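Step one of this worksheet: look at the structure below.
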Amino acid sequence: MLLHDYFMGTAFDAYTYFGAHPGPLGVMFRVYAPNAHKVAVIGDFNDWKEDFFLGKDEWGIFSAISDKAKPGMKYKYKVYQCDGNVVDKTDPFAFGMELRPNAASIIVDMEQFSFDDEDWMKSRTRNHDNAMNIYELHLGSWIMPNDTSKTEEERNDTGGKRPQVAEPVENDTRLWYNYREMAKPLIDYCKSNHYTHIEVMPLNEHPFDGSWGYQATGFFSPTSRYGTADDLKYMVNELHKAGIGIIIDFVPVHFATDYYSLIKFDGTSVYEYPEREIGFSEWGSCNFNYYRGEIRSFLQSAANYWLDEYHFDGIRMDAISNVIYWMGNEGRGVNGAGLQFLKEMNAGIHSLHPTAMTIAEDSSAFAKVTADVKYDGLGFDYKWDMGWMNDTLKYFKHAPWERSAHYHELTFSMMYFYSELYIMSFSHDEVVHGKATIMQKMWGDYSQKFAQCRLLYAYMYTHPGKKLDFMGNEFGQLREWDEKKEQDWFMLKYPNHDSFHEYRKELHRIYQENPALYTGDYDSRCFRWLQVHGERDCVYVYQRTSGKNSIVMAMNTQDIPHMGYTFEVPENMILTEILNSDENRFGGNTVPSDKPKVYKSVDKKLTLDLPPFGAVIYTAEIVPEEKVEKAAKGKTASAKKPARKTTKKKTSAAALAKKTSAKRSSASKTAAKKSSTGRTARTRKTAAEKAEE
């Protein structure tokens with residue numbers, strides 16, 4: 001790292017210089033505290049005595065080598081601040097930290113673990129034209145070794161569906177599993193559920209469990225709740241070898257106010273804004289000061305660190321609207337330094353890691369969040385579609401008889417969709433305390449909620465955009481998420497939840513196996529509405545296309561069936577049903593037939609049977625116009641064929657000869673007619689066969 005780059009805000013490798021680095025001569029300690037009078041390192045290597053002071057250079061950097069310090073030892077900086085206070089601080093660049101409530105930093109040798117995920121890393125892309133089905137989870141509460149909130153029966157009686165660690169520990173009293181223990185169950189679960197990626201909520205060290213990692217104290221320290229740096233590397237490595245990507249949450253907006261952390265590090269506001277009205281966020285944390293180059297370097301180095309040292313495939317960045325606008329409030333104006341930071345960070349990350357993704361969680365309507373920096377965009381690869389999420393969940397809260405008036409809450413997303421590169425997300429924020437789960441948000445009684453939730457997810461997985469869903473949603477969890485409790489796996493012993501889970505697996509499989517549902521997500525030519533004015537019946541139909549693969553989605557959001565529902569289509573097509581959300585195997589009422597149901601349009605009119613609260617997905621084949629015309633000509637020729645008539649007459653013996661002569665003549669004509677009719681029939685048959693082809 002060049003110090004000039006660090007202070008100018010252009011460094012991405014500050015962690016290679018600052019912090020505690022083992023070497024042949026000992027451990028080099030470096031910390032930036034420009035206004036401190038002096039700094040000492042106390043730790044295991046000197047029995048926590050204040051006898052190892054660091055030298056200060058003209059840049060305000062304190063440094064020295066200790067030949068007694070070793071990897072695995074704990075340490076702190078004792079900072080003599082400019083205001084006269086003496087405070088023990090954790091290392092801002094520490095690669096490890098103690099478990100809360102303790103707060104010492106830990107010396108870590110980052111060269112010990114060797115990755116062998118080369119094949120994955122070489123073939124990795126940013127997935128714009130790939131299927132990307134992301135399973136978001138809180139690592140600590142996905143499965144737990146000892147969840148005391150559940151009964152013994154609930155912990156054990158899950159119908160065999162609870163993910164299991166490879167080698168469970170008897171009488172385990174721990175709160176959490178280790179990163180290494182989590183690797184296999186995560187891989188098995190993702191594969192059986194057809195997830196392509198997982199997204200983990202922040203794994204940086206944090207003091208308060210209830211912050212879920214979003215208020216950090218260790219921006220370079222993987223939380224010790226689940227193990228060490230090498231343990232985390234092992235988990236990422238195993239996921240990659242199994243063909244599963246992993247995205248990490250990162251918070252470049254604010255930090256925890258614990259005294260030992262970044263706040264007033266040397267007695268002044270080094271990391272935060274000095275003005276109190278903008279120095280503290282709405283969450284009570286401290287806002288980072290983007291106007292200082294060294295702080296921009298700190299943050300973008302932290303983002304790069306997780307990609308470089310741990311091989312994460314992407315970074316999802318939280319609360320980006322609070323970087324764009326002062327205090328996240330559009331009315332207070334744009335934070336120019338915040339925009340500069342986002343642009344330079346994204347450009348730098350993509351230069352260093354061309355196949356890594358950056359994802360914005362941005363609730364604002366700020367333009368060009370996912371446009372390239374060279375086109376004056378912020379440079380993110382994706383943005384969560386918060387508008388789609390809010391509109392969709394709001395719609396499904398309405399009673400069926402009210403939905404006609406709110407019909408276009410489900411169509412509005414396509415009015416703006418192509419302005420950004422969106423991920424359709426139902427995240428942890430939608431199922432936390434007081435918000436109700438996705439299943440509970442649906443209108444109606446118990447069974448109606450399941451029917452509508454099946455419809456909801458069919459809509460989500462056929463809508464353009466990549467997918468993200470939070471743990472528990474896949475089996476219809478009814479309890480809001482709580483970081484202190486394991487997921488309610490015991491619900492899978494109940495038929496409605498188990499069949500809903502099987503439905504989700506099948507839906508995910510169809511999503512992954514049909515390029516029309518993910519290739520061309522952000523190309524407007526690959527999507528079109530077939531029925532977007534079905535307000536009276538609350539029916540929606542749209543088509544996704546990629547090359548020869550074409551998918552049609554039809555949905556009925558009312559609680560009554562629409563049998564023989566007819567609407568016009570731009571061209572004639574043949575639809576073959578591949579998924580019906582109302583099938584009895586998924587908890588619905590429709591008994592599937594032995595053969596797939598096929599629907600053919602006639603004169604550019606299509607007639608479908610749609611179950612109540614039902615979604616039906618079809619593969620689509622367009623019938624070329626020339627085939628339709630040939631079929632029509634065959635029908636016209638058949639319509640002009642002369643009809644046979646038989647007339648009975650009384651005849652005399654004298655007229656017998658004439659009658660016999662007439663019969664012969666009639667027989668000759670009839671033979672001619674049969675010959676002509678035969679040719680016409682063959683012509684009609686051939687035209688029909690061609691139409692079906």
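Index from 1, following the sequence. Every value quoted in this text rests on a predicted model; they were computed, and no experiment measured them.
When all heavy atoms are compared, the tightest approach of Ala356 to Asp381 is O-OD2, 3.5 Å. For Asn556 against Asp537, the heavy-atom pair with the smallest separation is OD1-O, 3.7 Å. Of all the heavy atoms in Met424 and Asp385, the pair that sits closest is CE-OD2, 3.6 Å. Summarising the geometry of Met460 relative to Lys467, their closest heavy-atom pair is O-NZ, 2.9 Å, with the distance given to 0.1 Å. Looking at every heavy atom in both residues, Val165 comes nearest to Glu181 through CG1-O, 3.9 Å. Between Thr462 and Arg544 the shortest heavy-atom distance is O-NH1, 2.8 Å.
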Exercise for review: For His311 and Asp117, run side chain to side chain donor-acceptor pair (under 3.5 Å): C-alpha distance rounded to whole Å, both residues' side-chain angles, the deciding distance at 0.1 Å, then the answer.
Suggested key: CA-CA 9 Å; His311 288 200; Asp117 61 348; 3.0 Å; yes
Point to revise | Chi angles and distances behind the ring pair (Phe, Tyr, Trp, His ring centres under 6.0 Å) call for Tyr226, Trp142 | key: CA-CA 12 Å; Tyr226 318 128; Trp142 184 56; over 10 Å; no
Practice item. Apply salt bridge (charged side-chain N to carboxylate O under 4.0 Å, His left out) to the pair Lys605 and Asp603, showing each step before the final yes or no. Key: CA-CA 5 Å; Lys605 290 184 179 180; Asp603 296 331; over 6 Å; no
Exercise for review: Report the C-alpha distance between Thr370 and Glu420 in whole Å, list the side-chain angles of each, state the deciding distance to 0.1 Å, and finish with yes or no for side chain to side chain donor-acceptor pair (under 3.5 Å).
Suggested key: CA-CA 6 Å; Thr370 56; Glu420 300 283 1; 2.5 Å; yes
Exercise for review: Could you please spell out the steps behind the salt bridge (charged side-chain N to carboxylate O under 4.0 Å, His left out) verdict for Glu486 and Arg162?
Suggested key: CA-CA 10 Å; Glu486 181 182 88; Arg162 177 187 182 273; 2.7 Å; yes
Exercise for review: Could you please spell out the steps behind the side chain to side chain donor-acceptor pair (under 3.5 Å) verdict for Thr196 and Gln512?
Suggested key: CA-CA 9 Å; Thr196 64; Gln512 281 190 273; 5.8 Å; no
Practice item. In sequence, state the C-alpha distance, the side-chain angles, and the governing distance for Ser499 and Glu502, and then conclude on side chain to side chain donor-acceptor pair (under 3.5 Å). Key: CA-CA 5 Å; Ser499 58; Glu502 293 303 313; over 6 Å; no
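Residues Ile551 and Ile578 have side chains in contact (heavy-atom distance under 4.5 Å, counting atoms from C-beta outward). For the pair Gln487/Trp481, a side-chain contact is recorded, criterion being any heavy-atom separation below 4.5 Å from C-beta on. Side-chain contact check for Ile247 versus Ile198: every heavy-atom pair is 4.5 Å or farther apart. Using a 4.5 Å heavy-atom threshold, the side chains of Met442 and Gln448 count as separate. Asn572 is not listed as a side-chain neighbour of Lys600, based on a closest heavy-atom distance of 4.5 Å or more. Looking only at side-chain heavy atoms (C-beta outward), Leu575 and Leu608 come within less than 4.5 Å of each other. Residues Pro570 and Arg528 form a side-chain contact, since some pair of their non-hydrogen atoms from C-beta on lies under 4.5 Å apart. A 4.5 Å side-chain heavy-atom check between Cys453 and Ile438 finds at least one atom pair inside the cut-off.
Between Phe450 and Tyr446, the ring planes lie perpendicular to each other; the angle is over 60°, past the 30° to 60° tilted range. Between Tyr195 and His508, the angle of the ring planes lies from 30° to 60°, which puts this pair in the tilted group. Under the 30°/60° scheme for interplanar angles, the aromatic rings of Trp120 and His240 are found to lie parallel. Trp212 and His433 have tilted rings, their planes meeting at an angle from 30° to 60° on a 0 to 90° scale.
For the atom pair CG (Leu456) and OG1 (Thr557), the distance works out to 11.5 Å, reported to the nearest 0.5 Å. Distance check: Ile359 CD1 to Ile134 CD1 gives 5.0 Å after rounding to the nearest 0.5 Å. The NZ atom of Lys161 sits 15.0 Å away from the CZ atom of Phe490 when rounded to the nearest 0.5 Å. Taken to the nearest 0.5 Å, the CG atom of Leu232 stands 10.0 Å off from the CZ atom of Arg180. In this structure, OG in Ser363 is found 10.5 Å from CD1 in Ile320, a value given to the nearest 0.5 Å. From Met563, atom CE reaches atom CG of Asp609 across 3.5 Å, with rounding to the nearest 0.5 Å.
Side chain of Tyr407 to main chain of Gly534: a donor-acceptor pair is present (N/O by atom type, distance under 3.5 Å, no hydrogens or angles). Of the possible donor and acceptor atoms, one in the side chain of Asp582 sits under 3.5 Å from a partner among the backbone N and O of Thr590. At least one donor-acceptor pair closer than 3.5 Å links the side chain of Lys466 to the backbone N or O of His128. Counting only distance, with no hydrogens or angles, the side chain of Asn473 and the backbone of Met471 share no donor-acceptor pair below 3.5 Å. A donor-acceptor pair under 3.5 Å links the side-chain atoms of Tyr382 to the main chain of Arg126, judged by distance alone. Judged purely by atom type and a 3.5 angstrom limit, Asp523 uses its side chain to pair as donor or acceptor with the backbone of Arg525. When atom types are taken as modelled, the side chain of Glu430 and the backbone of Ser427 share a donor-acceptor pair closer than 3.5 angstrom. Looking only at distances, a side-chain donor or acceptor of His497 sits under 3.5 Å from a matching main-chain atom of Phe475. Between the Glu480 side chain and the Gly434 main chain, a donor and an acceptor come within less than 3.5 Å of each other. A donor-acceptor pair is defined here as one N or O able to donate and one able to accept, closer than 3.5 Å; such a pair exists between the side chain of Gln558 and the backbone of Arg536.
Between Tyr234 and Tyr179, the distance separating the two ring centers is not shorter than 6.0 angstrom. Ring centers of Tyr459 and Tyr540: at least 6.0 Å apart, outside the cut-off. Here the two rings, on His428 and Tyr214, have centers that are under 6.0 Å apart. Taking the six-membered ring where the residue is Trp, the centroids of Tyr395 and Trp443 are separated by 6.0 Å or more.
Taking 4.0 Å as the cut-off between side-chain N and carboxylate O, Lys484 and Asp209 do not count as a salt-bridged pair. Looking at Arg316 and Asp249, a side-chain N of the basic residue comes within less than 4.0 Å of a carboxylate O on the acidic one, giving a salt bridge.
Summarising the local packing, CD of Glu568 is surrounded by 12 or fewer heavy atoms from other residues, nucleotides or ligands at distances under 6.0 Å. Other residues, nucleotides and ligands contribute only 12 or fewer heavy atoms inside 6.0 Å of the NZ atom of Lys184.
Side-chain contact, Arg454 with Ser581: no donor N or O sits under 3.5 Å from an acceptor N or O. At a cut-off of 3.5 Å, with distance as the only test, no side-chain donor of Tyr518 or Asn133 sits close to an acceptor on the other residue. When only modelled atom types and interatomic distance are considered, Ser447 and Asp445 share a side-chain donor-acceptor pair under 3.5 Å.
Tyr457 meets the side chain to side chain donor-acceptor pair (under 3.5 Å) test with Asp469; sequence neighbours excluded.
None of Tyr522, Phe380, Tyr416 except one satisfies the ring-ring contact (aromatic ring centres under 6.0 Å, His included) rule with Tyr422; the exception is Tyr416.
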